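Working notes, beginning with the structure itself.
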Amino acid sequence: MIHRRQFTALLLATPFATAGCSAARRAPSEPIPGGFSYLPGITTRDRLVAPEGRAIRVAFAINPGVQVIDVAGPWEAFQDTYRPGQDVSAFELFTVSETAKPVRASGGLMMVPDYTVYDAPVPDVVVVPHFDYPKPATRATSPIHDWIKATHGEVLLTMSICTGAFQLAKTGLLNGIPMTTNRKASDNFAKAFPEIMLRRGPRFVEAGRIATSGGLSAGIDLALRVVARFFDEAVAQQTAETMEYTSTGWRA
């Protein structure tokens, strides 16, 4: 199994390519300075409608080698969000994996899945973080990919964090739409999935019922953006203040 640190080293071995992001107001041949996702998010005007009478259910798909911040960052944003004017959590969060066995995450952290792909409740939002199995830069799939694809037909939004885009790409859900991933992984993503419309550098890209984020902490910005789409920017700002998160990369 390739661990996240080894995978990142492999990605960094490829020289950076040039930008192709119109939202960043750069010509396709103009290089993007720096090595991370710092350009403004590419947003949609589509709002997300929260279900009435219950919390918004968010499922995090996890497999061996799952990246901790890809889960913990968005999880913190969602858990710190309350319905406007109410002392009630806006989101209900749970993890889904292929089996009920504990999953070894990055840095050795163990995560115990709440559900398997065979008994998970239907969520409203699915989050796909980076995980090592199956190997990201291959076309190999497993039951978690089948679950993500099948569940997408019933959810309001499917979103990937960082190089979780590699795993989401395998489901076919990124075909024909603009998307992004970790800035440092862009060359490898383009090689693995040349048919997909990769945008290099933005913090996140929204495309209808799909959203993808740049690297690592960009997932927090995407999660806050999701909060704003369900409610409004004032609610998202309150969540950011609760987290003591000073980035404004989530704003449209």
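For clarity, every value in this text was computed on a predicted model and none was experimentally measured.
- Paired with I210 under the rule side chain to side chain contact (heavy atoms under 4.5 Å, CB included), one option of L174, L157, T44 passes, and it is L174.
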Give the C-alpha distance, both sets of side-chain angles, the deciding distance and a yes or no for side chain to side chain contact (heavy atoms under 4.5 Å, CB included) between R54 and D124. CA-CA 11 Å; R54 64 170 175 82; D124 301 299; 2.8 Å; yes

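- Here the side chain of E233 pairs no donor or acceptor atom with the backbone of A228 at under 3.5 angstrom.
- Residues D146 and V117 are not in side-chain contact: their nearest non-hydrogen atoms beyond the backbone lie 4.5 Å or more apart.
- Side chain of N188 to backbone of A185: no donor-acceptor contact under 3.5 angstrom is found.
- Two different hydrophobic clusters hold V112 and V71 under the rule that ILVMFWY side chains link at heavy-atom gaps under 4.5 Å.
- Counting only distance, with no hydrogens or angles, the side chain of R203 and the backbone of S37 share a donor-acceptor pair below 3.5 Å.
- A donor-acceptor pair under 3.5 Å is formed between the side chain of D70 and the backbone N or O of H130.
- The two residues R200 and S186 have their closest heavy-atom pair at NH1-CB, 3.3 Å.
- Atoms CD1 and CE, on I42 and M179 in that order, are 11.0 Å from each other to the nearest 0.5 Å.
- Between the NZ atom in K170 and the CD1 atom in I144 there is a gap of 12.0 Å [rounded to 0.5 Å].
- Using modelled atom types, one side-chain atom of S213 and one backbone atom of C162 make a donor-acceptor pair closer than 3.5 Å.
- A donor-acceptor pair is defined here as one N or O able to donate and one able to accept, closer than 3.5 Å; such a pair exists between the side chain of N63 and the backbone of Y133.
- At a threshold of 4.5 Å between non-hydrogen side-chain atoms, the residues V126 and W147 count as touching.
- Shown here for G219 and P74, the closest heavy-atom pair between the two residues is O-CG, 3.7 Å.
- A heavy-atom distance below 4.5 Å is found between the side chains of V155 and R209.
- To the nearest 0.5 Å, the span separating CG on D80 from CD on E241 amounts to 12.0 Å.
- Contact annotation: the side chain of S160 never approaches that of Q167 to less than 4.5 Å [non-hydrogen atoms, C-beta and beyond].
- Contact annotation: the side chain of L168 approaches that of L173 to within less than 4.5 Å [non-hydrogen atoms, C-beta and beyond].
- Residues T180 and L198 share a closest heavy-atom pair of CA-CD1, 4.1 Å.
- The nearest pair of heavy atoms linking T99 to T116 is C-CG2, 3.6 Å.
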Stepwise side chain to side chain contact (heavy atoms under 4.5 Å, CB included) check, I196 with F189: CA-CA 9 Å; I196 292 179; F189 187 93; 3.9 Å; yes

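- Under the 4.5 Å side-chain heavy-atom criterion for ILVMFWY residues, a single connected hydrophobic cluster contains both V125 and L93.
- Linking Ile, Leu, Val, Met, Phe, Trp and Tyr whenever their side-chain heavy atoms come within less than 4.5 Å leaves W250 and F78 in two separate clusters.
- Taking all atoms of both residues into account, the shortest heavy-atom contact from P178 to A207 is O-CB, 3.8 Å.
- Looking only at distances, a side-chain donor or acceptor of R139 sits under 3.5 Å from a matching main-chain atom of A192.
- No side-chain donor-acceptor contact under 3.5 Å links R183 to the backbone of G215.
- Here the straight-line distance linking atom OG1 of T43 with atom CZ of F204 works out to 6.5 Å at 0.5 Å rounding.
- With a 4.5 Å cut-off on side-chain heavy atoms, P129 and Q67 do not count as touching.
- Using a 4.5 Å cut-off on side-chain heavy atoms (C-beta onward), V103 and F131 make no contact.
- Between the CE atom of M111 and the OG1 atom of T95 there is a distance of 8.0 Å, given to the nearest 0.5 Å.
- Although no hydrogens or angles enter the test, the distance criterion places no donor-acceptor pair under 3.5 Å between the side chain of S89 and the main chain of Y82.
- No donor-acceptor pair under 3.5 Å is formed between the side chain of H152 and the backbone N or O of K149.
- No more than 12 heavy-atom neighbours from other residues, nucleotides or ligands sit within 6.0 angstrom of OH on Y118.
- Follow the hydrophobic side-chain contacts under 4.5 Å out from L222 and you never reach M197; the two are in separate clusters.
- What you find for R225 and A252 is that their closest heavy atoms are NH1-CB, 3.5 Å.
- With a 4.5 Å cut-off on side-chain heavy atoms, V96 and P113 do not count as touching.
- For the atom pair CD of Q237 and CZ of R251, the computed distance is 4.5 Å after rounding to the nearest 0.5 Å.
- When the side chains of ILVMFWY residues are joined at heavy-atom separations under 4.5 Å, either directly or via intervening members, I161 and L48 end up in a single hydrophobic cluster.
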Side chain to side chain contact (heavy atoms under 4.5 Å, CB included) evaluation trace for F231 with I56: CA-CA 12 Å; F231 303 107; I56 303 162; 3.9 Å; yes

